[in-house]
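Report on one structure; see the data block that follows.
So that the names make sense, note that chain A is the first sequence line, chain B the second, and so on, each numbered from 1. Note that the coordinates shown come from a computational prediction; the quantities given were computed from them, not determined experimentally.
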Amino acid sequence: SISQAAAEEKTDFKVCWSIYVGWMPWGYLEDSGIMDKWAEKYGIDVEIVQINDYVESINQYTAGEYDGCSMTNMDALSIPAGGGVDTTALIVGDYSNGNDAIILKDKSDLAEIEGQNVNLVELSVSHYLLARALESVDLSERDVTVVNTSDADMIAAYATDDVTAVVTWNPLVSEILTQSNANKVFDSAGIPGEIIDIMMVNTETLADNPAFGKALAGAWYEVMELMASGDEEALTAMAEASGTDLAGYKSQLDSTEMFYAPADAVAFTESGDLPKTMQFVAEFLFDKGILGEGAPSPEFVGVSFPDGSVYGDEANVKLRFDTTYMTMAADGAL
Amino acid sequence: MRLINRKPSRITAFALGAAPFVAVIVAYAVASHYRRLDNPADKLLPSLPDMASAFGRMAFTPDRRSGDLLLWMDTLDSLERLAAGMGISILLALSLGILIGFIPHVRASMAPFVATFSLIPPITVLPILFIIFGLGELSKVMLIVVGTAPVMIRSVAQAVMELPRELIIKAETLGASVWQMMMRVVLPQILPKLITAIRLGLVPAWIFLISAEAIASTSGLGYRIFLVRRYLAMDVILPYVIWITLLAFILDRLLLLASRKAFPWHHMQGESL
Amino acid sequence: MRLINRKPSRITAFALGAAPFVAVIVAYAVASHYRRLDNPADKLLPSLPDMASAFGRMAFTPDRRSGDLLLWMDTLDSLERLAAGMGISILLALSLGILIGFIPHVRASMAPFVATFSLIPPITVLPILFIIFGLGELSKVMLIVVGTAPVMIRSVAQAVMELPRELIIKAETLGASVWQMMMRVVLPQILPKLITAIRLGLVPAWIFLISAEAIASTSGLGYRIFLVRRYLAMDVILPYVIWITLLAFILDRLLLLASRKAFPWHHMQGESL
Amino acid sequence: MSAQPKVSVQNVAKIYAGTVVLERLDLDIAAGSLCTIVGASGCGKSTFLRMLLSQETPSRGRILIDGEPLPTEPTPDRGIVFQRYSVFPHLTVEENLILSAEFDAAPFSGKLRGAARTKAREEIAETLDRIGLSPARDRYPAQLSGGMQQRLAIAQALLKKPKILLLDEPFGALDPGIRADMQELLLELWRELSMTIFMVTHDIHEAFKLGTRVLVFDKIRHDPDAPDRWGATITYDLPLGRPGAQTIPDAKALFALKNTTRGDAPNA
Amino acid sequence: MSAQPKVSVQNVAKIYAGTVVLERLDLDIAAGSLCTIVGASGCGKSTFLRMLLSQETPSRGRILIDGEPLPTEPTPDRGIVFQRYSVFPHLTVEENLILSAEFDAAPFSGKLRGAARTKAREEIAETLDRIGLSPARDRYPAQLSGGMQQRLAIAQALLKKPKILLLDEPFGALDPGIRADMQELLLELWRELSMTIFMVTHDIHEAFKLGTRVLVFDKIRHDPDAPDRWGATITYDLPLGRPGAQTIPDAKALFALKNTTRGDAPNA
Ligand SMILES: Nc1ncnc2c1ncn2[C@@H]1O[C@H](COP(=O)(O)OP(=O)(O)OP(=O)(O)O)[C@@H](O)[C@H]1O
Ligand SMILES: Nc1ncnc2c1ncn2[C@@H]1O[C@H](COP(=O)(O)OP(=O)(O)OP(=O)(O)O)[C@@H](O)[C@H]1O
Ligand SMILES: [Mg+2]
Ligand SMILES: [Mg+2]
């Protein structure tokens, strides 16, 4: 159907996610019945759908086929918000703390990247990471050649002689690092809190249906508790769903700063660093021409924060960081 | 005696036919061996025993999480999608193909559109397909349809147009209506050509199936390959590819056999590759 | 008068042929209009003027970053890859196809292998292609080759086998060697069929080209589509798809024309769809 | 003959994209004639039959049957047998023969089942015997020899009891022994069913042996600068009466005469 | 004839996968004979020619030419003209005719250029005139009538000056006028080049009109339980001397005799 998910009171909701270390709980929620339990509690029905292709999942959400979707702060700004779909960050799940990395073949210093071909998924967080890393060594994107490479092909690509530098994320990073000639020269731990993985939902839908937000948050933080307690069964299920084993999954978690406790997520979202991060992101996107042809400046799309402040155009706020539901979880109010 | 007049004996022919397969396997084994000498943990070209054991695991060890035998579950799911997609394509090919080939007005109206449509690379319009058909089973099936139906429609229409005009005229003089001609003269004579079209269409159908499963699915042969590709688990991927090829081969032979059985009159007129 | 005996006039035929295209455009415009009523910034179904302006921008406004006219650069790069890939496929189809079709020993040895090979979905063995051909232009070109050559080889071989045996015998009685027969009897008679095979092969070739450009590249029509897909820029994607379809259509017609010009003797025997 | 002619061809011409193929055809054929047609290859014999069958329309003039204009498309009152492709390759001998009964009886499916089918099969049993194909009733045409196929084609056309039967080189692909048998069969059936038959043949002997009337088609006018300007017409129209023991004129002599004036007006 | 026969067929049989097609063929053909071959469709006439051409090998027996065993594959000393597909559709008339010269002169490219090509074209100019195709020299076969194509095919075969010419129903597709012309042409060339000709035809008249010797192929033994058990052989072998004014025996009578004993031993 072409029509957008109508913003009105309703009982059936659909949320999509794609395979990534910080989002595996969404799959577990659905499989384990925890989601159903919480949805029932609020008298609604929530379907959680796995979409393998990350970009396709965001596109589907943007097109109105889903009420929520897991994505990064950067993609939320560029795709749904940039496409006029008012979007709210419902659950800030984690930030990448080493999960995204720049890897050089046979070289161990970031500055040596100069002049090389760098394989990465163009316009993704990898691209952003590269831009931020280059800044840190006084280089710019003009000093390298970016080669758009699909994430699915990244490991095989690294195995070829043509490829000398890659920027990618886990589990691909750890796979590549098993090769003796691979050196991690920069990772997202160098820009902590800038690559954030969030469950984004449609603002209108959420406003009309608070039960939707409560059910998702309740279910999510139940699983977070399981994970924090090291529940083997849950972790193994997530590991296998992502195609690896428990040890592999745990090593991916090590480089992910999960907000197991809702209070931590609230604190992170309310901190003063977030607006700065979003400004970096918006400038990066504007520089790449992603915010749309009509965008006269990085401030074209407004981003609002929990304290009510807004970055960018106040008349065109399309991305909202909102801690309401996380706070409810933290307060045990769900 | 000239080479073209020399025919290999059955045994020679068999040996010659097997040779390239053996050569590929040997080349692989050697390449794999040397890569593993370099790096014993090499994942790109796993050893043959590794692949066999990975395949055995997928086929005979129940998955710990779901308790399923993954290979069979994947195969079943993929074949279902393939069957659904090809089923729809076949219906379209038969109905539209016969109408286009048989009725000049329909031909004038649909032939240019179908021809143009067949030139659109379906993967470029994936987002649109997913929006129109959702992300469920339907969109996977429809990707197969969009990728295979136009060409199949064209070959059926072409086959209808190639029916000797004499037969149509004869049917008219025997008092047949247009509908009767379609059912009794055109359709049955087209069926063997349809099977040929299906056999040709299955090649892209598999490709589109795998592409669709890689984008939105939680099971299927394409999904599995996509999933383990992030870990470069070639010990699973390669056996899966061989398995897919084998399935495709068996399907192809079954169709040929079915055609021979069902349309003996068609196969009395000489064979092909 | 029965429907099958009624032929549309030229004007009717044109109107009928245009109708589905017009219908699609109108349906799109309506759907797009209603979506944009909902959300004026909707990216999924941009308005026709938006698409036109995006296309104009790609074609005539130098890129801010590189200063290139992106559309033409992409088109050129893609066509180069397509030409290289199809070029290799054509050479393979001609050489292997003629050998397989003409020389029984080669047929016994290669036909089963080529048939099996043609069933492997190439995207599943990408990692192997990378190892063998690297990640540069070569691997993109080779993906096209792997995707198109087997089928083309088979159709050329089939065409060789379908040459009337009488002509080969006649050539033998005129004292031709095997090589001479290949050059003067088989090859020239196969060329028109080769063009048909190329026209058929171009459909998957475009698909593989676009898939290949999604793997690792910095330009090309497929690259651009995948890149802007990251922000759902359908206002660029849709005109690019139409552009690709148009290019494919023009190529197809040029090949048909070339065949008519170069092989008049072939086209004296009746036409097709 | 004072009765209304069965077929009346009035000043008919056929022009394909500027090429005049046939012109000035004027002809009345009495009911029950067996009209054989000979002429050089490409002179328009098949075109003439196609017009009689309503597969083509005359560019000029008109054709009447029983005084009525021809229908605009092939109808069951005119049967046809071609040189090739005359039987349905996907049906067995028996299925080929019951097909027209099926068309009549089952407007939707075009297929008879059960008792109705058994009955239809019984009805054609005699015909099968008559054409000597009873033992081959379950074979497909590809399993029949050329002569058997043509017998089947003729039987198939005749079962519909057409008033007019058109034969386009029906025996051209057969060898002499079988050909002679087929000629006998045709004459027998013609006498029995009192049809009007038009038969194109390449074989002058055959034309004179079978026909009650022989039509020779040829171009009589040539314009060396514009070879497409003039078409063929009927240069000889020879009424022979009963077919059988005519003396056969020499073929070459007949064709050599073509540049003389046209034969007698054919309103026999 | 006491001289060594040109072609000697000794107790030859041909069996296809259990089906006996031909058997007990015994035959000596003198140099310069024009041997016509008739017989029912499918009785093995083409198979016999194919064996003479080394396209097939006899299942039993042997064939000698000038006392030597046949080569194992077609060679330029034996020319062939088929009913169809006898000329190369992708070459013009002239190109078809110079092709064999090109094969001789250019082992690698098989193609002559420049002066050599001009010379080759001059050499065939007379032949072109002779077969009346000079005005059509640049046309493709598809632009020629059936008779023109067959003239071209014969000329193409004859330019190679074969000792033996095999013709498989060469005039079957032509109409009577053109056919008669072609027969004249063939006889002329045969007299001129003193070849040995084998010609299969469906037309008994033609067989008797042209042949110095007529071979009739037929099955003389039938096993109703195993129709594949016995093959056809030569039931009549009629030496006629000079071709021309023979009386033509009645075709049906000839075939009706087939169940009597075999004709005289054919070691003429
Ligand atoms: N549909 C058509 N369009 C144009 N020309 C045609 C068409 N059909 C037939 N002709 C031409 O009309 C002429 C007569 O054709 P027709 O088939 O009637 O000849 P014919 O006497 O039956 O010859 P044959 O003995 O070879 O069967 C030929 O020159 C042919 O090329
Ligand atoms: N390659 C083959 N394999 C099996 N059977 C064959 C083969 N070639 C010919 N035959 C059979 O041998 C028999 C003789 O065939 P052939 O073509 O020699 O007959 P013919 O006398 O030339 O007939 P026609 O007059 O129809 O040309 C036929 O029954 C045919 O089916
Ligand atoms: Mg005709
Ligand atoms: Mg034969």
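Minimum heavy-atom separation, C:Leu167 to E:Val87: CD2-O, 3.2 Å. Of all heavy-atom pairs spanning C:Gly175 and E:Phe103, the tightest one is O-CB, 4.3 Å. Residues E:Phe82 and C:Ile169 share a closest heavy-atom pair of CZ-CG2, 4.2 Å.
Atoms CG and CG, on E:Leu97 and C:Leu174 in that order, are 10.0 Å from each other to the nearest 0.5 Å. A distance of 12.5 Å separates OG1 in C:Thr173 from CD1 in E:Ile164, rounded to the nearest 0.5 Å.
Using a 4.5 Å cut-off between heavy atoms, E:Tyr140 contacts chain C through its side chain alone, with no backbone atom that close. If you measure heavy-atom distances from E:Glu73 to chain C, the contacts under 4.5 Å come from the side chain alone. Contacts between E:Lys160 and chain C at a heavy-atom distance below 4.5 Å involve the side chain alone, from C-beta outward. Of the two parts of E:Ser86, the backbone and the side chain both hold a non-hydrogen atom closer than 4.5 Å to a non-hydrogen atom of chain C. Contact of E:Ser109 with chain C is made through the backbone alone, with heavy-atom distances under 4.5 Å. At a 4.5 Å heavy-atom cutoff, the contact between E:Ala106 and chain C is made by backbone atoms alone. For a residue to count as touching a neighbouring chain, one of its non-hydrogen atoms must lie under 4.5 Å from one of that chain's; by this rule E:Leu159 does not touch chain C.
More than 12 heavy atoms of other residues, nucleotides or ligands sit less than 6.0 Å from atom CZ of C:Phe21. Few gaps surround CD1 on C:Ile250; more than 12 heavy atoms of other groups in view lie less than 6.0 Å from it. Heavy atoms from other residues, nucleotides or ligands lying under 6.0 Å from CD of E:Glu126 number 12 at most. No more than 12 heavy atoms of other residues, nucleotides or ligands lie within 6.0 Å of CZ in C:Phe249, so this atom counts as exposed by the packing criterion. For CZ of C:Arg2, the number of neighbouring non-hydrogen atoms (other residues, nucleotides, ligands) closer than 6.0 Å is greater than 12.
Side-chain N or O atoms of E:His90 include one that pairs as donor or acceptor with a backbone N or O of C:Arg184 at under 3.5 Å. Side-chain atoms of C:Gln180 do not come within 3.5 Å of backbone N or O of E:Asp104 as any donor-acceptor pair. With hydrogens and angles disregarded, no donor-acceptor distance shorter than 3.5 Å links the side chain of C:Lys170 to the backbone of E:Phe88.
Highest contact tally toward chain C, considering only E:Pro162, E:Ala153, E:Pro107, E:Gly79, is held by E:Pro107 [criterion: heavy-atom pairs under 4.5 Å]. Chain E forms the most heavy-atom pairs under 4.5 Å with one residue out of C:Arg165, C:Met183, C:Gln189, and that residue is C:Gln189. If you tally non-hydrogen atom pairs under 4.5 Å between each of E:Lys111, E:Arg139, E:Arg78 and chain C, the highest count goes to E:Lys111.
In this structure the side chain of C:Pro188 never reaches within 4.5 angstrom of the side chain of E:Leu91, judged on heavy atoms.
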